[in-house]
Amino acid sequence: MYELLDKINSPADIKGLGTAELRQLCDEIRSCIIECCSGHPGHLASSLGAVELIVGMHYVFDAPADKLIFDVGHQAYAHKILTGRREAFRETLREEGGISGFPRRSESEYDCFGAGHSSTSVSAALGFACASRLTGREEKVIAMIGDGAMTGGLAFEGLNNAGAGNADLLILLNDNNQSIDGNIGAMHEHLLKLSTSASYNNFKNSVWTALGEGRFRRFIQRWLRSLKSWMVKRTGGDVFESLGFRYFGPIDGNNMEEVVNALRRLRDIKGPRILHCLTLKGKGYPAAEKDPTTWHAPGRFNPETAERHTEGHVHDRYQDVFGEVLCDLARRDRRVIGITPAMAHGCGMSRLASEQPDRFFDVGIEEEHAVTFAAGLAAAGMKPFCNIYSSFVQRAYDEVIHDVALQELPVVLCLDRAGLVGEDGATHQGAYDIAAFRCIPNVIISCPRNETELKNLMYSALESPKGPYIIRYPRGMGEGADWRGAEYELVPTGSAETLAEGSEIAIIATGPAVNRALEAASGYPGRVGVYNFRFVKPLDEELLSHIASKYGSIITVEDGSLKGGLYGAVCEFMMASGAAVRVEGIGIGDMFVEQARQKDQQEAFGISRRGIEKKIEKVFEEQK
Ligand SMILES: Cc1ncc(C[n+]2csc(CCOP(=O)(O)OP(=O)(O)O)c2C)c(N)n1
């Protein structure tokens, strides 16, 4: 079906190709990515933009001996296609048991370092470079990082260490001038300035190559430095050179010839060096070029017409509720601020960005900074709503403890994508937030069971004088509650709700799983009670004591880790109170959860009507 691509089974197969053939290969890889992503939703635009850079890396370097490390890893589809996974990629991308959307060490020897979260590549590459030096291996180490990922604090830490240590490391900066939304921040401005001083850099690099080794080169190098310092005044300074890297570029990262020439030149230079490559996100698919934010991860689409298939949302998504309620609260209270680390579109905060731009802050991929920035705002009397995906807040653990909880600052931490997330797989599961934060003093952890409860918890969090006030809710569609029609109601902190009284088994559930518990319990009227523990911390201890005195068995249900989660909390309470009650838990076990459809993952852990029914039957059976 693809004239060239079908013959490529490993990077060795591209080594003999000429430039025209490499260009054709890039076209075929693009078609393959578009065809595959149209039916297997994935990260389309980023992968399309990086094709020439990846082909160039495999052409010039010798993986797997040479180490190619991808930041985030969502742009690495061409790498998967070239490294013996073409058919599996086409047939199983992001499916259960199939090819991951990110590099994975367990998937291929060519994936030397796994990813999914941003800004790790420089540090990981430095690790490889140091190991290579210490063991006397000759391998080259190349990290590929986007301009968005380069804004993350971890990337700066890596640069700081690598530049000072004179590490032998090449960084390919894939600068498409976009994160998911438009990229932001001072580093972004700096890259723009560097791009516009391209003529100086081209001049410098040609002189460097033409001179060869020797004293004359060193003299010219000094002269170039003075020229650079003049340029520095004009461009605002080259941060990479100041950090000890040799900066090359910018080059056109979608021009195959330029990419190969630059990589060949840089392959044999030693030391920390960075090649600045300008690319077009979505390259080769007009709809994605035009709107890279929507086409970052567009879902299923018709490749011919670029018509996107809506996933049949019959109800509003939690993200719609969050976005609208935040705007409404911001209209009512001037102290309300919205903060997102680069996920405005995904979390629903774009609405606030257009309605109240001065109270909206996209801080870049900087979860740690987002939390401490929110703490500063709260200390100064504002009411920050900081929205972070559950798995990304793991980055900001210390900031939540040290800057927010310790000072009891009223920061509202909205954790989107809590629970099982589906096809993004193990790196993105929002499984650990309850367990991670439950042990921290002063933290309030809430989980709305539906859209209206999310609205009311956001309102209650605004009214709370103390924090951190965590509201965790899942990815995607709500329960169909009439949240727009409902007036705001204050939810007392730590209060649970009795939804059905029973006599034999009590189901203590949190989040939307409460509704599945109600459905399951409806088959056992009067026997199975259902309690909505919308706060996992503080726990409603009065209600728990009541439950302990009334029931012989408890089933907890949560879309999160059992260890340290609601299950852990209820067990601790029952042990401490000496209650003679048995506690069974439904939730995520002690394992990383791989990619699959979100519904299938929930079913696999029993976080579903059927799963809860099964557990009820098991408990009844064992009670006999
Ligand atoms: C720690 C962390 N925060 C947020 C994200 C979500 N995320 C995935 S890709 C991306 C944008 C990355 O931009 P860039 O590095 O420029 O790559 P591009 O997609 O533009 O090629 C973001 C914010 C993440 N993966 N990890």
Side-chain angles (χ1 to χ4, degrees), residues 33 37 42-54 69-79 100-103 114-123 143-157 171-185 187-188 191-192 253-254 276-283 288-289 291-298 339-347 349 362-371 386-397 399 415-417 421 423-430 475:
I33 292 174
C37 286
H43 289 99
L44 180 76
S46 314
S47 279
L48 290 179
V51 172
E52 282 81 7
L53 291 182
I54 291 172
I69 296 159
F70 295 91
D71 209 291
V72 186
H74 64 314
Q75 78 292 59
Y77 291 178
H79 164 75
S100 164
F102 303 100
H117 288 200
S118 170
S119 315
T120 61
S121 64
V122 181
S123 303
M144 180 174 177
I145 179 167
D147 56 307
M150 190 57 103
T151 65
L154 181 55
F156 284 95
E157 292 173 28
I171 295 177
L172 288 193
L173 175 56
N174 172 21
D175 180 2
N176 56 24
N177 196 22
Q178 278 280 135
S179 187
I180 295 179
D181 300 277
N183 201 4
I184 55 94
M187 172 56 93
H188 167 65
L191 294 179
L192 276 180
N254 292 125
H276 187 179
C277 310
L278 304 179
T279 57
L280 181 63
K281 193 158 177 173
K283 170 89 177 163
E289 288 181 12
D291 180 2
T293 299
T294 303
W295 290 83
H296 180 85
I339 302 168
T340 169
M343 304 306 286
H345 186 75
C347 80
M349 220 189 269
D362 177 351
V363 298
I365 309 177
E366 301 176 347
E367 288 79 9
E368 306 93 308
H369 163 65
V371 169
C386 184
N387 190 308
I388 305 185
Y389 286 16
S390 168
S391 81
F392 302 148
V393 84
Q394 290 160 195
R395 286 274 164 99
Y397 193 53
E399 286 74 4
L415 302 186
D416 194 332
R417 270 59 167 186
V421 297
E423 290 83 354
D424 276 331
T427 52
H428 283 59
Q429 304 294 0
R475 172 184 177 206

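First listed ligand is number 1; within each ligand, the first listed atom is number 1.
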P341 and Y389, any side-chain heavy atoms less than 4.5 Å apart: no
- request: State, yes or no, whether a side-chain contact exists between N387 and M349 at a heavy-atom distance under 4.5 Å.
  value: yes
- request: Could you point out which residue of H117, H428, H74, H79 forms a ring-ring contact (aromatic ring centres under 6.0 Å, His included) with F102?
  value: H428
- prompt: Does the side chain of T340 come under 3.5 Å of the side chain of D362 through a donor N or O and an acceptor N or O?
  reply: no
message: With rounding to the nearest 0.5 angstrom, report the CZ to CZ distance, F392 to R417.
response: 9.0 Å
- request: Please list, by chain and number, the protein residues whose heavy atoms come under 4.0 Å of ligand 1.
  value: S46, V72, H74, G116, H117, S118, G146, D147, G148, A149, N176, Q178, S179, I180, K281, H296, A342, M343, I365, E367, F392, R395
query: Within a strict 4.5 Å, meaning less than it, do heavy atoms of the T279 and D175 side chains meet?
result: no
